[in-house]
Amino acid sequence: MKITDVKIIVCSPGRNFVTVKIFTDEGLTGVGDATLNGREKAVVAYLQEHLAPLLIGRDPSRIEDIWQYFYKGAYWRRGPVTMAAIAGIDTALWDIKAKAANMPLYQLFGGASREKVLCYTHAQGTDIAEAVEAVGKRIEQGYKAIRVQVGIPGLPDVYGTGKKSVTNNAADDAFPHEEVWSTSKYMRHIPKLFEAVREAYGPDIELLHDTHHRLTPIEAARLGKDLEFARLFWLEDTVAAEHQEGFRLIRKHTTTPLAVGEVFNTIWDARLLIEEQLIDYIRTTTVHAGGITALRRIMDFASVYNVRTACHGAMDMSPICLGANLHLDLWVPNFGIQEYSGYLPEILDVFPSAWSLSDGYLHPGEATGHGVDIDEKLAEKYPYQRAYLPVNRLEDGTLWHW
Ligand code: EZ4
Ligand code: CO
């Protein structure tokens, strides 16, 4: 088999998505997600100008060699743009390989290790009462694990807690939305949120919380301690993990489980965190960590150290990324949980998917390949719109992590 053409498809059915479609001389095609939220066009250029031309005429079954060719062969390794571009190609090649084998992708990894994939979804509110109510709705929908975020008194709006932040898309603005942040106000309020949620729904429901990298290690240590009573499933992204050693300090002080890694691009970003067992869950996901080839390697490495998997799965990764993740999730022995924030109906129309959700569990389905496709005709109806995630500043105007 030979690769005959590579198409880069950009569409925006509510969110921007970059999709790689690879064509072969035997008529099989494969698709992969290459979306890098807020920097989409950089990946498009990287793919179109530098990678796609080098794929023509290659044997699509040589996935590992193609991965190494683009990773080692570039001299310039790693980085979100490079790794999202490689991921798009790699995912499309695995799709083709599984279709050629006439199997669902998880069979190529070694088959299913479980019947279904536990997922967690999001619930949020501008205040505690609203957040508690939102959790109740998610429980009614069958979810077993819920990430809860809440607005903070004294701060105008906080990412992931209100209407605007739910889509966090600035398509109608010329500039990213700017939010105001105060760590001390936040730290005082969050334990009250989880007191109220536990009070309302008891101990059985799994609860998670995401801090979006805004704390220092000692602040994270304190928050972890303050939340121990709530028995969280995890506390996510407490600090920016460029400084992996920072997690040693957090770990020393709290038994609240820790998750990090949605912005990691390679195994090297997580090496120390995993080797020293400084985290409990690694959040790397197919599209941002170099594809299935690279994510599988991270997952196997993590298994040696009892670190479990928890692929990032918010709406800014396409249903193709979720589909690919779910095949890994169904197989991976050290599976933890899969994030699932749901998709707008327009997105699901553009990306027909074999995966399904039932009673709080996902399943990748039994279609051959990874089971997700793109309706190119429909995608054309949703042209790209420049859009950004918000920006975060302290009350004095200092630009902050988020
Ligand atoms: O903010 O995907 O765990 N999920 C998250 C997401 C991220 C977005 C950023 O692109 O943190 O909501
Ligand atoms: Co997160």
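We use all heavy atoms of the structure for the numbers below, so side chains are in, but hydrogens, waters and symmetry mates are not. Computed from a predicted model, the values in this text were never measured in an experiment. Whatever order the structure lists them in is the order used to number ligands and atoms, beginning at 1. Counting from 1, the numbers follow the sequence of the chain as shown.
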Carefully, step by step, assess Thr211 and Asp237 under the rule side-chain hydrogen bond (donor to acceptor under 3.5 Å, both in side chains). CA-CA 5 Å; Thr211 305; Asp237 288 355; over 6 Å; no
Answer yes when [X] and [Y] have at least one side-chain N-carboxylate O distance shorter than 4.0 Å, and no when they do not.
X	Y	result
Glu395	Lys185	yes
Arg251	Glu276	no
Glu179	Arg393	no
Glu376	Lys21	yes
Asp269	Arg78	yes

Both conditions, 6.0 Å and 45 degrees, for the charged tip of Arg58 above the ring of Tyr69: are they met here? yes
Atom 7 (C) of ligand 1: which of Glu262, His122, His213 has the nearest heavy atom? Glu262
Around the Co ion (ligand 2), what protein N, O or S atoms are found below 2.8 Å? Asp210 OD2, Glu236 OE2, Glu262 OE1
For Lys144, check side chain to side chain contact (heavy atoms under 4.5 Å, CB included) against everything at least two apart and list the hits. Leu118, Asp359, Tyr361
Please work out which of the three classes, parallel, tilted or perpendicular, describes the rings of Phe109 and Trp94, given edges at 30° and 60°. perpendicular
Taking 4.0 Å as the limit for heavy-atom contacts, which would you say applies to Met315 with ligand 1: side chain only, backbone only, both, or neither? neither
Check Leu389 against ligand 1 and report side chain, backbone, both or neither, counting heavy atoms closer than 4.0 Å. side chain
Would you mind running through ligand 1 and noting each atom that sits below 4.0 Å from a heavy atom of [X]?
X	answer
Asp316	2 (O), 8 (C), 9 (C), 10 (O)
Asn37	10 (O)
Asp210	3 (O), 4 (N), 5 (C), 11 (O)
Glu339	3 (O), 4 (N)
Arg283	3 (O), 4 (N)

Under a plain distance cut-off of 3.5 Å, with no hydrogens placed, do Glu339 and His122 share a side-chain donor-acceptor pair? yes
Would Tyr159 count as being in polar contact with ligand 1, using the rule that some N or O on each side must be under 3.5 angstrom apart? yes
Taking the six-membered ring for Trp, are His209 and Phe194 ring centroids under 6.0 Å apart? yes
At the 4.0 Å heavy-atom cut-off, does Arg147 count as touching ligand 1? yes
